[in-house]
Amino acid sequence: QVHLVESGGGLVQAGGSLRLSCEASERALSTYTVGWFRQGPGKEQEFVAAIHWSGSRTYYADFVKGRFTISRDIAKNTVYLQMNSLEPEDTAVYYCAADRFGDMSKFTDEYDYWGQGTQVTVSS
């Protein structure tokens with residue numbers, strides 16, 4: 001069982017930045033691929049980014065357009081999502097999820113464990 005806790009959400013103006021954190025309850029990052037997903041108001045949940053359990057590969061949704069960066073700190077058992085040049089369309093609840101030895105799927109049903117989410121609101 002892996003428990004995930006997101007933090008770092010908040011209210012920011014368009015063009016601003018936020019860094020989201022996803023802390024795992026145990027030393028899971030060396031065997032779990034971690035993905036970030038989001039769900040905006042009235043929208044379906046969508047894939048944002050993922051980092052491979054090996055730490056050697058990352059994968060981003062097209063809409064990220066080089067604005068977001070996913071990284072991890074094994075020692076802190078934490079995955080980060082650095083979000084720059086935020087747009088009002090980025091407003092959503094952001095979730096992290098873990099998939100044991102996963103291959104960075106963009107599909108939610110591939111992930112076994114989920115955090116509770118953190119709200120990101122971007123004002124225009």
Side-chain angles (χ1 to χ4, degrees):
Q1 186 83 12
V2 177
H3 185 55
L4 303 172
V5 178
E6 302 97 335
S7 61
L11 174 64
V12 64
Q13 289 188 331
S17 298
L18 283 174
R19 188 177 78 160
L20 305 184
S21 299
C22 172
E23 183 174 0
S25 60
E26 59 181 67
R27 296 191 179 279
L29 295 188
S30 60
T31 58
Y32 281 84
T33 285
V34 174
W36 284 98
F37 293 79
R38 71 184 189 183
Q39 187 165 19
K43 298 180 181 179
E44 293 188 354
Q45 200 169 40
E46 62 180 349
F47 171 79
V48 178
I51 185 164
H52 194 258
W53 57 267
S54 68
S56 63
R57 291 187 287 148
T58 57
Y59 176 42
Y60 295 94
D62 289 343
F63 65 78
V64 167
K65 301 175 187 175
R67 300 181 297 130
F68 297 180
T69 303
I70 189 170
S71 62
R72 71 180 192 181
D73 186 333
I74 288 287
K76 294 183 178 180
N77 224 29
T78 300
V79 172
Y80 303 100
L81 184 67
Q82 177 67 44
M83 305 187 296
N84 299 327
S85 301
L86 284 163
E87 304 165 352
E89 294 73 22
D90 295 316
T91 294
V93 178
Y94 284 72
Y95 301 87
C96 65
D99 177 17
R100 185 170 173 83
F101 294 120
D103 197 26
M104 302 188 297
S105 173
K106 62 181 181 180
F107 300 106
T108 58
D109 57 3
E110 294 292 324
Y111 291 80
D112 304 306
Y113 302 104
W114 290 80
Q116 83 290 347
T118 186
Q119 176 71 47
V120 171
T121 303
V122 184
S123 63
S124 56

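The side-chain hydrogen bond (donor to acceptor under 3.5 Å, both in side chains) test applied to E46 returns R38, not counting sequence neighbours. Listed by chain and number, the residues in a side-chain hydrogen bond (donor to acceptor under 3.5 Å, both in side chains) with T121 are Q119 (sequence neighbours excluded). Y32 is linked by a side-chain hydrogen bond (donor to acceptor under 3.5 Å, both in side chains) to nothing, counting only residues two or more places apart in sequence or in another chain. Every residue two or more places apart in sequence or in another chain that forms a side-chain contact (heavy atoms from CB on, under 4.5 Å) with Q116 is listed here: V5, E6. Residues meeting the side-chain contact (heavy atoms from CB on, under 4.5 Å) test with K43, sequence neighbours left out: none. Residues satisfying the side-chain contact (heavy atoms from CB on, under 4.5 Å) criterion with W114, sequence neighbours excluded, are F37, Q45, Y95, A97, T108, Y111.
Counting only residues at least two apart or in different chains, disulfide (SG to SG under 2.5 Å) contacts with residues 58-124 comprise C22-C96. Judged as a disulfide (SG to SG under 2.5 Å), not a single pair has a partner in residues 24-60 (not counting sequence neighbours). Sorted by first and then second residue, the salt bridge (Lys or Arg N to Asp or Glu O under 4.0 Å) pairs involving residues 53-63 (not counting sequence neighbours) are R57-D103. For residues 7-20, the set of pairs meeting the side chain to side chain donor-acceptor pair (under 3.5 Å) definition, not counting sequence neighbours, comprises S17-N84.
Distance check, rounded to the nearest 0.5 Å: OH of Y59 to NE2 of H52 gives 13.5 Å.
At distances below 3.5 Å, at least one donor-acceptor pair connects side-chain atoms of T33 with backbone N or O atoms of W53. A donor-acceptor distance shorter than 3.5 angstrom exists from the side chain of T78 to the backbone of K76, with no hydrogens or angles considered.
Hydrophobic cluster membership of F107, counting Ile, Leu, Val, Met, Phe, Trp and Tyr whose side-chain heavy atoms lie under 4.5 Å apart directly or via other members: none, as it forms a cluster of its own. In the hydrophobic clustering, where aliphatic and aromatic side chains (Ile, Leu, Val, Met, Phe, Trp, Tyr) are joined below 4.5 Å either directly or transitively, I51 groups with V12, L18, L20, L29, V34, W36, V48, Y60, F63, V64, F68, I70, I74, V79, L81, M83, L86, Y94, V120, V122.
Contact detail for S105 and E110: the closest heavy-atom pair is OG-CG, 3.2 Å. Across all their heavy atoms, A14 and S124 have their closest contact at CB-CA, 4.3 Å.
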